[in-house]
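Worksheet: the structure to be examined is printed underneath.
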Amino acid sequence: MHPYTDLLLHDMGAGLADDSGLPEASEWRTAPLWGLGFTAQVSGAVNLLHDGRAGSVLEAVLWHGGEAQAARDAVVALPREDRLALLAFLDSL
């Protein structure tokens, strides 16, 4: 089983910054994605990101900015079928 993470801190942009006002407020450690597909079963709901604001994997991706902006944009640019395949893969983890 692979954790699908680099476990590093990344600047995710102002949209994901906490309200601490500290310079590192937008830095977050990449969470492991293993078990992602079981989130709703285990938790009773899908509440992703550090504050639970994302109700789906795609919504979580769309919140990303900063260092993740290029990856976010790449997901948005995918043809619909490829994006659905990516989301199905993530749901299989």
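- Take Phe38 and apply the ring pair (Phe, Tyr, Trp, His ring centres under 6.0 Å) test, not counting sequence neighbours, and it matches no residue.
- The main-chain N or O of Thr30 is found under 3.5 Å from a side-chain atom of Thr5 such that the two form a donor-acceptor pair.
- With sequence neighbours excluded, no residue satisfies side chain to side chain donor-acceptor pair (under 3.5 Å) with Glu24.
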Donor-acceptor list for residues 51-62 side chains, cut-off 3.5 Å, not counting sequence neighbours:
unit_1, atom_1, unit_2, atom_2, d
Asp51, OD1, Arg53, N, 3.2
Asp51, OD1, Arg53, NE, 3.1
Asp51, OD2, Arg53, NE, 3.0
Asp51, OD2, Arg53, NH2, 2.8
Arg53, NH1, Gly15, O, 2.7
Ser56, OG, Glu59, N, 3.0
Glu59, OE1, Gly55, N, 2.9

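- Glu67 places a side-chain N or O within 3.5 Å of a backbone atom of Asp11 that can act as its donor or acceptor partner.
- Atoms CG and NE2, from Leu93 and His2 in turn, are 10.5 Å apart once rounded to the nearest 0.5 Å.
- Scored by the side-chain contact (heavy atoms from CB on, under 4.5 Å) test, Asp19 finds no partners at all (sequence neighbours excluded).
- Contacts classified as salt bridge (charged side-chain N to carboxylate O under 4.0 Å, His left out) and involving residues 28-39 (residues at least two apart or in different chains) are not found.
- Contact annotation: the side chain of Leu90 approaches that of Leu33 to within less than 4.5 Å [non-hydrogen atoms, C-beta and beyond].
- Annotation: ring-ring contact (aromatic ring centres under 6.0 Å, His included) contacts involving residues 40-93, sequence neighbours excluded, comprise Tyr4-Phe89, Trp28-His50.
- Residue Leu7 is found outside any hydrophobic cluster, as its side-chain heavy atoms come under 4.5 Å of no other Ile, Leu, Val, Met, Phe, Trp or Tyr.
- Scanning for side chain to side chain donor-acceptor pair (under 3.5 Å) contacts around Asp73 gives Gln69, with sequence neighbours left out.
- Qualifying side chain to side chain donor-acceptor pair (under 3.5 Å) partners for Thr39, counting only residues two or more places apart in sequence or in other chains: none.
- Residues passing the side-chain contact (heavy atoms from CB on, under 4.5 Å) test with Ser20, sequence neighbours excluded: Asp18, Leu22, Ala25.
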Listed pairs under 3.5 Å, donor-acceptor, residues 79-88 side chains, sequence neighbours left out:
unit_1, atom_1, unit_2, atom_2, d
Arg83, NH1, Val75, O, 3.3
Arg83, NH1, Val76, O, 3.1
Arg83, NH1, Leu78, O, 2.9

